[in-house]
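A short write-up of the structure that comes next.
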There are 2 protein chains.
Amino acid sequence: MTNTKTDPRILRTRKLIMDAFMELSGKKEFKDITVKDITAEAMINRATFYYHFEDIYDLLEKVLSEVLLVNLDCDYFQDNELNEESLVKIFLAITNFQKSLSNRCHRGYEDTIARIIREQLEVVFYKMLLNQRNKEADDALRITAVILSWGIYGASVEWRRDDKGMTPEEFIKLAIPFIISGANF
Amino acid sequence: MTNTKTDPRILRTRKLIMDAFMELSGKKEFKDITVKDITAEAMINRATFYYHFEDIYDLLEKVLSEVLLVNLDCDYFQDNELNEESLVKIFLAITNFQKSLSNRCHRGYEDTIARIIREQLEVVFYKMLLNQRNKEADDALRITAVILSWGIYGASVEWRRDDKGMTPEEFIKLAIPFIISGANF
DNA sequence: GTGTATGTGTTGGATATCCGACACATTGAA
DNA sequence: TTCAATGTGTCGGATATCCAACACATACAC
């Protein structure tokens with residue numbers, strides 16, 4: 001679709017920056033990471049960083065959404081319908097993603113992370129709803145996707161707070177009947 | 001001394017190529033590795049490879065000597081004298097290097113590898129001899145370094161062939177009295 | 001033989017990256 | 001307060017890297 005190939009230098013440099021950022025995230029907290037740290041680790045010039053990202057928060061956002069996208073295995077969900085099985089898979093992807101995040105210290109940026117997760121979920125849900133509704137009722141599907149994304153994300157927050165020792169599967173399956181009837185599909 | 005800083009892009013690209021080559025060396029034999037493989041793994045253009053290396057054999061040579069140099073810990077030996085302790089250390093560095101090589105399959109290039117090891121040894125020995133002889137008798141020291149490099153390399157070959165289960169330390173220590181009297185220092 | 005495919009090595013023009021400098025903000029010590 | 005040190009973000013000119021070709025070689029099938 002997008003027929004314009006992106007320059008391989010751009011792909012390589014973005015990867016170098018993102019890898020460097022993830023490497024540093026394992027060593028110190030986000031608030032202590034500077035642009036200079038990242039560019040030194042990535043072996044690129046500081047000016048080049050700003051060629052690709054607005055600032056360090058822009059980088060955080062893009063790294064997180066990219067990692068989450070890999071977890072979400074978009075290629076799989078892209079062509080699938082929204083049912084119990086796919087909902088469970090998505091929920092597992094989120095809880096796994098948050099577990100991997102808790103190792104890397106991004107304290108103080110929970111809000112940003114939450115927003116990113118929710119936005120990605122919304123896109124995925126919308127695509128899946130489009131698949132099974134044949135491109136009709138666009139606005140209704142979009143709003144449904146919004147509601148589902150907030151709901152599923154909230155469920156993941158609740159699951160982490162919960163100390164009854166349920167697995168993510170057990171947890172989300174309790175709610176699925178209500179979600180499905182509520183979303184009306 | 002060399003006051004001309006090299007462009008960071010050059011350092012980065014050379015590192016990417018060398019890392020890619022070592023990564024591929026773990027997966028297939030040297031004879032099956034193509035320039036295209038390397039440049040794809042390194043995320044650089046094929047033309048850029050030829051900007052840095054004459055061909056794939058040139059790369060092999062430079063990778064090997066760089067890895068060996070790290071093993072040899074040049075900064076340490078550079079300012080030290082040639083005695084039993086340093087000889088043992090050098091011998092250990094060589095045997096370790098060859099052990100790490102045997103994991104990466106470079107069958108059919110033993111001759112190239114041997115030559116590289118010997119050349120590096122010669123440089124190191126020559127520097128150490130210069131340290132303790134105060135820059136006198138240049139040619140004599142150079143020839144002594146040649147003889148020592150061949151001798152020590154040969155000893156490492158013999159040690160690998162030997163099946164009496166001696167450690168490298170035990171092995172080289174047996175010969176040291178003769179080496180020292182022979183080299184006349 | 002004649003294709004077809006894959007790898008090597010080279011070239012000239014386009015482009016991402018580097019450098020050095022700049023202005024500005026923040027922080028901590030004198 | 002003032003000063004020094006450090007980080008941020010931007011800019012124009014220099015340079016490493018990319019691309020799209022190209023000629024050539026090898027190998028393998030028909």
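In what follows, every chain begins at residue 1, and chains take the letters A, B, ... in the order their sequences are listed. Fair warning: this is a prediction, and the values are worked out from it, not measured in the lab.
For B/A42 against B/L16, the heavy-atom pair with the smallest separation is CB-O, 3.5 Å.
Rounded to whole angstrom, the span from the NZ atom of B/K31 across to the P atom of D/dT26 amounts to 18 Å. Between the CG atom of B/D32 and the P atom of C/dT8 there is a distance of 12 Å, given to the nearest Å. In this structure, the CD1 atom of A/I33 is 20 Å from the P atom of D/dT6, given to the nearest Å. Atom CG in B/D37 sits about 12 Å away from atom C1' in C/dT6, given to the nearest Å. What separates NZ of B/K36 from P of C/dT6 is a distance of 8 Å, to the nearest Å. When rounded to the nearest whole Å, the span between CG of A/L11 and P of D/dT17 equals 17 Å. When the P atom of D/dG7 is taken as reference, atom CD1 of A/I38 falls 13 Å away, rounded to whole Å. Regarding B/F53, its CZ atom lies at a distance of 11 Å from the P atom of D/dT17, rounded to whole Å.
You'll find a donor-acceptor pair under 3.5 Å spanning the side chain of A/R9 and the base of D/dT17, going by distance alone.
Of the inter-residue distances, the one linking B/L11 atom CG with B/T13 atom OG1 reads 9.0 Å to the nearest 0.5 angstrom. Taking CG of A/L148 as the start and CG of A/L87 as the end, the distance is 7.0 Å to the nearest 0.5 Å. One finds the CG atom of B/D19 at 12.5 Å from the CZ atom of B/R14 (value rounded to the nearest 0.5 Å). If you take NZ on B/K36 and CD1 on B/I38, they are separated by 13.0 Å, rounding to the nearest 0.5 Å.
B/I44 comes within 4.0 angstrom of sugar-phosphate atoms only, judged by non-hydrogen atoms across all strands, and of no base.
Proximity note for A/D7 (side chain, C-beta onward) versus C/dC18, D/dG9, C/dA16: the nearest is C/dA16. Distance from the side chain of A/T48 is smallest for C/dT17 among the nucleotides D/dT8, C/dT8, C/dT17. Distance from the side chain of A/R12 is smallest to D/dT17 among C/dC19, D/dT17, C/dT17. Residue B/R46 has its side chain nearest to C/dT8 when only C/dA16, C/dT8, C/dC19 are considered.
If B/R14 and A/A47 are placed on DNA chain D by their nearest nucleotide, the residue sitting closer to the 5' end is A/A47. Between A/F49 and A/P8, the residue whose closest nucleotide on DNA chain D is further toward the 5' end is A/F49.
A close approach under 4.0 Å does not occur between any side-chain nitrogen or oxygen of B/Y50 and OP1 or OP2 of C/dT10. Residue B/H52 has no polar side-chain atom (N or O) positioned under 4.0 Å from OP1 or OP2 of D/dA16. Between C/dT17 and A/N45, no contact under 4.0 Å exists linking OP1 or OP2 to a side-chain N or O. For C/dT17, the OP1/OP2 oxygens have no side-chain nitrogen or oxygen of A/Y51 closer than 4.0 Å.
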